[in-house]
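Data first, discussion second: the structure below is written as structure tokens.
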Amino acid sequence: MLRYVIERVLLIVVTMFVVITLNFFLLQLIDGSPFDNGKITPVQVEMMKRKYGLDAPPMEQYLRYLKGVVQGDFGTSFKLQNKEVKDLIADKLPNTVKIGSMALIFGVIVGILLGALAAIYRNSFWDHFVTVLAVVGVSIPSFVMAAFLQYYFVVKLGWFPFLFQEPDVDKGITVWMSVHSMLLPAFSLSFYVISATMRYMRSELVEVLNSDYILLARAKGLNKSQVIMRHALRNALIPVITIIGPMAISLLTGSLVIEQFFGVPGLSKLLLNAVYQNDYFLILGVNSFYSFLYVVIVLIVDLLYGVIDPRIRLKGGN
Amino acid sequence: MENKEKTSVLETENRNISTDLFVLTDSQSGEMEKIATKSLNFWQDAWRRLRQNKMAMLGMWLIIILIIIAVLAPSSLMAFKNSDGSPFRYDAAPELLDEDGNEINKADIAFLPPRIPYVEKLGIFNGVVTLERGSWDIFIGDLPKTDEFKDLKKPQNRKKLVETLGIAYHPFEVNVRAITKKDGEKYVTLWVLKDKKEVELPLKEMISQYSRYQPDTFELVKSVVDDKGVEMLTIHANEYAIKNVNNLYFWFGTDRLALDIWTRLWVGVRISLLIALVSMVIDFLLGIIYGTVAGFYGGTAVDNVMMRFVEIWGSIPALVLMIIMISIEKKISIFLTGLFPKLDYQGIRFIILIFTMSLSGWIGVARIVRAQILKLRDQEFILASRTLGASKARLMAKHLFPNIIGQLTVMATFSVPGAIFYEAFLTFIGLGLPIPMSSLGVLVHEGYKAIQSRPTMLLIPAFVMSILMLSINLLANGLRDALDPRMR
């Protein structure tokens, strides 16, 4: 087990190295410098470049950047008041995480419930409903969903605020109002999560319910609800855990547009603005952070899978 | 002892049956081996199972219908025609003549809501939009930008303005209570603030010649006066009547550049499908080649290196690769222009879009192909074929490939809605096709920008996109059940 973990961590290090290298050199191709501005003279541009260390040859910059990364320094943003990239990320991450985790938790719970219902009452109305809903859910992109929701619930009915609101005592925005404004973005993101979880849960539970040990449990006199709660659900949940990782990543992709729609000052908005403004180190930092998040989530899910399901504990484990 | 006695009794009884009671029948051994139904090959069998899947068939028919409309609608067979008889173009405003033979101004056919003949009588697609306007906008409208009118706009000149425009009251002096229709003429009931009394007068006496909302072009829904005394009127305005183009029908409306959305929508469906197909082909070509090579050298150092590469490349989120592409898009298009000087800007954006989508798409295919080949390679039928002297190419083509084609077909079908999604996604974050081009992503993005005033511009393409993705997903689900050998 330990060897496996070390191997995986090593792979993460290699992957991160590749990501940073790839990003660093490809982003050198950005058209125009971050200092493209008619108001500053070429001399000033030169001074700025020296200040940020952009006058050195790429290879030297690269080595300096790598050294910085190892020491936890990801450079500074050019545009946003010289703030450090890691501070900016730490600043914006909570909003993205709040909405993302809200969508993920809500989506997974609803998905598991609906999927379980469909599997238990197979071929009933519920089952058909869930099956259709699952296909519809994966077929409607989250931003289309967000647009529909925004149109009906904000523009037409006025039930929700148009934009995301951060809790702010001075402006009289309470935590509850902030949560209220997060509901629509979270729900539009969760639609995909619901349908994916639902579909997975249903097929897993159907398979488990048809297996022999369930029959044995029934034969030994346990009633149906006991069998489902104690034996079937647990076993069906194991594979469902594996898709949570990829789903969390797909939420990040979706949040890119959702955050634009609802004006959420989150990580994705930071990233897109950085792209539009040629903010080199910021793009590099957020991109690396995304990749890091991705590989770590995948690793956690894989390890979790081994912990929960003793059947696939790896060789050499205890 | 006892047994023996019994047998002998039986024997005595049977002795009475003569042998000529028995007749030899024909040999039936051949009949038993015969297969009664027609033998089906893999695809026929899959097709038979697919046909039994109602949802998959629904999806298939929807796709066929959508494709037929997408092919016919913008072509000369079904399209709306310009005055010279040529079909509407997706990238140029329609050229139409009014009843007097004069060319209609582009501004008069821009940004119109949907209107469909016959359907309009049901109250939908009738060219009517719901608007919220201040009473000034409705009763006075846009005054010419001359010094005279600038002066009249001042609050102290209200009386003079009313006289100049020839209307009964200044909109700020009254609140609208109701608009009623009597004997074919519209009357407005006003609450006069100064006199605190209600008056009723013909609507046309309240509307200046500069207002775009003439009496016959709108219905009042409600009027709200806020606590500052500002009156907002909600109206149902018939844009076709306002722009005086009552004889025209744009089924799905027009956008701000006066481009016909019906034509753009179906061209967009074509282009989105084309993008999805091209990127699918690239993903699968790359993936199959890579996976086959890796699988062929399975277990060796070559395979090891190749799979490590896939592992690392696959660990980079597609989003990160896309962000890099967006950031350096200008340099790439300069590079591509140098490479293909004949290509225009649209073509270059098309290539970049597809390239971006293919950056990570092939990984999954390569993994599956390699895994399948490794699994199949050691099976007995391959060994048998090899023993008979089959070449590697023959093994590949006749044994390995037919066994993975089912799974690949399913994956390919599932990748189409994914590609349609990514196209729209990339358009939203700024890597889509340039504006006069049309694709579902472009249309949805355009529609989103106009969501407040023309929600149909978003709802229609979003609906078509969802239906298209839904039906392909349904078909793919059915294909998976029909083709996947594990399901048998």
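All values reported here derive from a predicted model rather than from experimental measurement.
Only the side chain of B/Met55 comes within contact range of chain A, with at least one heavy atom under 4.5 Å from a heavy atom of that chain. If you measure heavy-atom distances from A/Ile283 to chain B, the contacts under 4.5 Å come from the side chain alone. For A/Phe17, no part lies under 4.5 angstrom from a heavy atom of chain B. Interface remark: A/Phe261 contributes backbone and side-chain atoms alike to the contact with chain B (heavy atom separation under 4.5 Å). With a 4.5 Å cut-off on non-hydrogen atoms, B/Ala318 does not touch chain A at all. For chain B, the nearby part of A/Leu271 is the side chain; its heavy atoms alone come within less than 4.5 Å. Heavy atoms of A/Leu272 lying under 4.5 Å from chain B belong exclusively to its side chain. Heavy-atom distances place the side chain of A/Val18, and not its backbone, under 4.5 Å from chain B.
In this structure, CD1 in B/Ile312 is found 11.5 Å from CG in A/Leu22, a value given to the nearest 0.5 Å. Of the inter-residue distances, the one linking A/Tyr294 atom OH with B/Leu319 atom CG reads 11.5 Å to the nearest 0.5 angstrom.
Side-chain atoms of B/Glu311 and A/Thr15, non-hydrogen and from C-beta on, never get closer than 4.5 Å to each other. Side-chain atoms of A/Leu256 and B/Phe425, non-hydrogen and from C-beta on, do get closer than 4.5 Å to each other. Residues B/Ser466 and A/Val144 are in side-chain contact: their nearest non-hydrogen atoms beyond the backbone lie under 4.5 Å apart.
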Determine whether A/Phe143 and B/Phe421 satisfy the following criterion, ring-ring contact (aromatic ring centres under 6.0 Å, His included), listing intermediate values before the conclusion. CA-CA 10 Å; A/Phe143 50 86; B/Phe421 166 79; 5.7 Å; yes

